[in-house]
Amino acid sequence: MQNESPRTVLLAGATGLVGSLCLRRLLADAAVGRVVAPTRRPLPETLRALDLAGKLEEHLVDFARLADHAALFAVDQIICALGSTIKKAGSRERFREFDYSYPLQIARLGLQQGAQHFLLVSALGADAHSRIFYNRVKGELEEALLTLPYRSITIVRPSLLLGPRQELRPAEAIGQRLGFLLPERYKPIEATAVAAVLVEVARQDRPGTRILESTDIKAQAEHLLHF
C-alpha cells in the first residue's frame with residue numbers, strides 16, 4: 001500500500017547506469033518528497049538540473065566509513081543500485097567490498113534508522129553456491145539481506161544491461177550484438193526497464209519479499225514503458 005505522505009528514498013549508486021535512471025524517475029515522482037543520494041563522486045549537472053522541486057540531497061561520502069553517515073539512512077525506503085566489475089574494482093577483494101560489504105552495511109544502517117523497504121539490484125544467476133565468483137557474491141548478498149527484518153524486500157535480477165555507460169563493459173557490448181541468439185531469460189534488458197520497475201515497486205510499497213527475474217522485469221516494464 002502506498003504511503004499517504006511523501007516518501008523519503010535513499011538511492012545508493014545514483015551515478016551508475018540503473019541508479020541514474022532511478023534518480024530521474026524518483027525526482028519526477030510527486031509521491032517522493034526527498035531523495036537522499038550518498039555518492040563517492042559528484043552527480044553530473046544533467047541530473048542535478050532535473051531537481052525542479054528541490055527534493056534531491058546529494059552527499060559525498062566515503063563508503064568505507066558509512067557508519068559515520070548513519071543519519072542519512074533515516075528514510076522510508078532504500079534503493080541499492082551499487083555494482084562494479086572485478087576489472088573496474090581492481091581485485092576480487094575490492095569487488096566484494098563494492099558488491100557485498102557496502103550494500104549489506106547500507107541495508108543494516110537503514111534498518112537501524114527505521115527504513116521499511118529495501119530494494120536491491122542483483123544479477124541474473126545470483127547464487128551463493130555458484131562456482132562463478134561474480135554470481136556467488138551476488139547470491140551471498142541476497143542471502144544475507146533476506147535475514148534482515150525489513151517489512152519489504154525487493155530483489156531484481158536483470159541479465160546483461162543495455163544503456164549508455166561511461167566505461168566499456170565487453171560482455172555487455174557482446175550481449176547487445178548477439179543477445180537475440182540467447183534464450184529469453186538470458187537476453188539483455190534495457191536499464192530503463194529495470195529502473196522503471198524498481199521505482200514502481202517502491203511506489204506500490206507492498207509488504208513481503210519479492211524476487212524478480214529478468215523476464216519478470218521485462219513483463220512488468222511493458223506496462224510502464226513503450227519500447
Side-chain angles (χ1 to χ4, degrees), residues 1-61 69 71-83 103 106-107 110 113-122 150-159 161-166 188-207 210 212 214 216-227:
M1 180 179 297
Q2 185 179 356
N3 295 330
E4 294 181 1
S5 58
R7 291 173 289 124
T8 297
V9 181
L10 183 140
L11 175 62
T15 59
L17 176 57
V18 173
S20 62
L21 292 167
C22 284
L23 181 58
R24 291 173 180 271
R25 288 183 167 271
L26 291 169
L27 292 176
D29 188 344
V32 175
R34 291 172 55 227
V35 180
V36 181
T39 63
R40 293 186 300 124
R41 60 180 185 273
L43 291 168
E45 289 297 331
T46 51
L47 288 177
R48 289 177 180 161
L50 299 175
D51 184 26
L52 302 179
K55 65 175 71 174
L56 176 62
E57 297 181 11
E58 180 183 1
H59 300 270
L60 293 179
V61 303
H69 309 278
L72 297 181
F73 297 86
V75 297
D76 299 309
Q77 302 172 325
I78 295 174
I79 296 177
C80 183
L82 289 178
I106 287 169
Q113 296 296 321
Q116 297 290 307
H117 191 170
F118 192 89
L119 301 97
L120 174 71
V121 180
S122 184
Y150 272 92
R151 177 179 60 79
S152 305
I153 293 178
T154 299
I155 296 171
V156 297
R157 294 174 173 170
S159 57
L161 293 167
L162 300 179
R165 287 192 187 273
Q166 293 182 347
I189 185 171
E190 294 287 346
T192 51
V194 180
V197 169
L198 275 171
V199 173
E200 176 62 17
V201 172
R203 187 192 65 78
Q204 295 174 357
D205 198 28
R206 294 170 180 159
R210 62 199 57 79
L212 302 178
S214 205
D216 301 322
I217 300 168
K218 287 181 181 178
Q220 292 194 25
E222 288 180 359
H223 302 289
L224 304 170
L225 301 170
H226 299 285
F227 293 113

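Just so you know, these numbers come straight off a predicted model, no measurement behind them. When a residue number appears, it is its place in the shown sequence, counting from 1.
- To the nearest 0.5 angstrom, Glu57 atom CD is 9.5 Å from Asp51 atom CG.
- Nearest approach of Val199 to Cys22, heavy atoms of both residues: CG2-O, 4.0 Å.
- Taking each heavy atom of Pro103 and Phe118 in turn, the nearest pair found is O-CZ, 3.9 Å.
- Proximity of a side-chain donor or acceptor of Lys218 to a complementary backbone N or O of Ile189 within less than 3.5 Å is not detected.
- In terms of modelled atom types and a separation under 3.5 Å, the side chain of Ser159 and the main chain of Ser214 share no donor-acceptor contact.
- Residues Gly110 and Ile78 come closest through the heavy atom pair CA-CD1, 3.6 Å.
- With contacts defined as side-chain heavy-atom distances shorter than 4.5 Å, the pair Gln220/Glu200 does not qualify.
- Between Arg203 atom CZ and Gln77 atom CD the span is 11.0 Å, to the nearest 0.5 Å.
- Side-chain contact between Val32 and Arg25 is absent, with no heavy-atom pair separated by less than 4.5 Å.
- Two residues are said to be in side-chain contact when any heavy atoms from C-beta on lie closer than 4.5 Å; Val75 and Gln113 fail this criterion.
- Under the 3.5 Å distance criterion, the side-chain polar atoms of Thr8 are left unmatched by any main-chain donor or acceptor of Arg34.
- We find the CG-CD1 distance between Leu224 and Ile217 to be 12.0 Å, quoted to the nearest 0.5 Å.
- Using a 4.5 Å heavy-atom cutoff, the side chains of Ile106 and Leu82 are in contact.
- In this structure, OG1 on Thr154 lies 8.5 Å from CG on Asp205, to the nearest 0.5 angstrom.
- The side-chain heavy atoms of Arg48 and Pro42, taken from C-beta on, include a pair separated by under 4.5 Å.
- Under the 4.5 Å side-chain criterion, counting only non-hydrogen atoms from C-beta, Leu225 is not in contact with Glu190.
- Results of the side-chain contact (heavy atoms from CB on, under 4.5 Å) test with Val35 over Leu27, Leu10, Ile79 single out Leu27 as the only residue that passes.
- Looking at Leu72 and Val61, their side chains come closer than 4.5 Å, going by heavy atoms from C-beta outward.
- Minimum interatomic distance between Ala221 and Val197 (heavy atoms only, all atoms of both residues): N-CG2, 3.8 Å.
- How far CG of Leu198 is from CD1 of Ile155: 11.5 Å, rounded to the nearest 0.5 Å.
- A distance of 11.0 Å separates CG of Leu60 from CZ of Arg41, quoted to the nearest 0.5 Å.
- With respect to the salt-bridge test (charged N to carboxylate O, under 4.0 angstrom), the residues Arg210 and Asp216 do not qualify.
- Counting all heavy atoms, side chain and backbone alike, Ser122 lies closest to Pro158 at O-CD, 3.7 Å.
- In this structure, Asp76 contributes its side chain and Val9 its backbone to no donor-acceptor pair below 3.5 Å.
- None of Leu43, Leu23, Val36, Leu47 except one satisfies the side-chain contact (heavy atoms from CB on, under 4.5 Å) rule with Glu58; the exception is Leu43.
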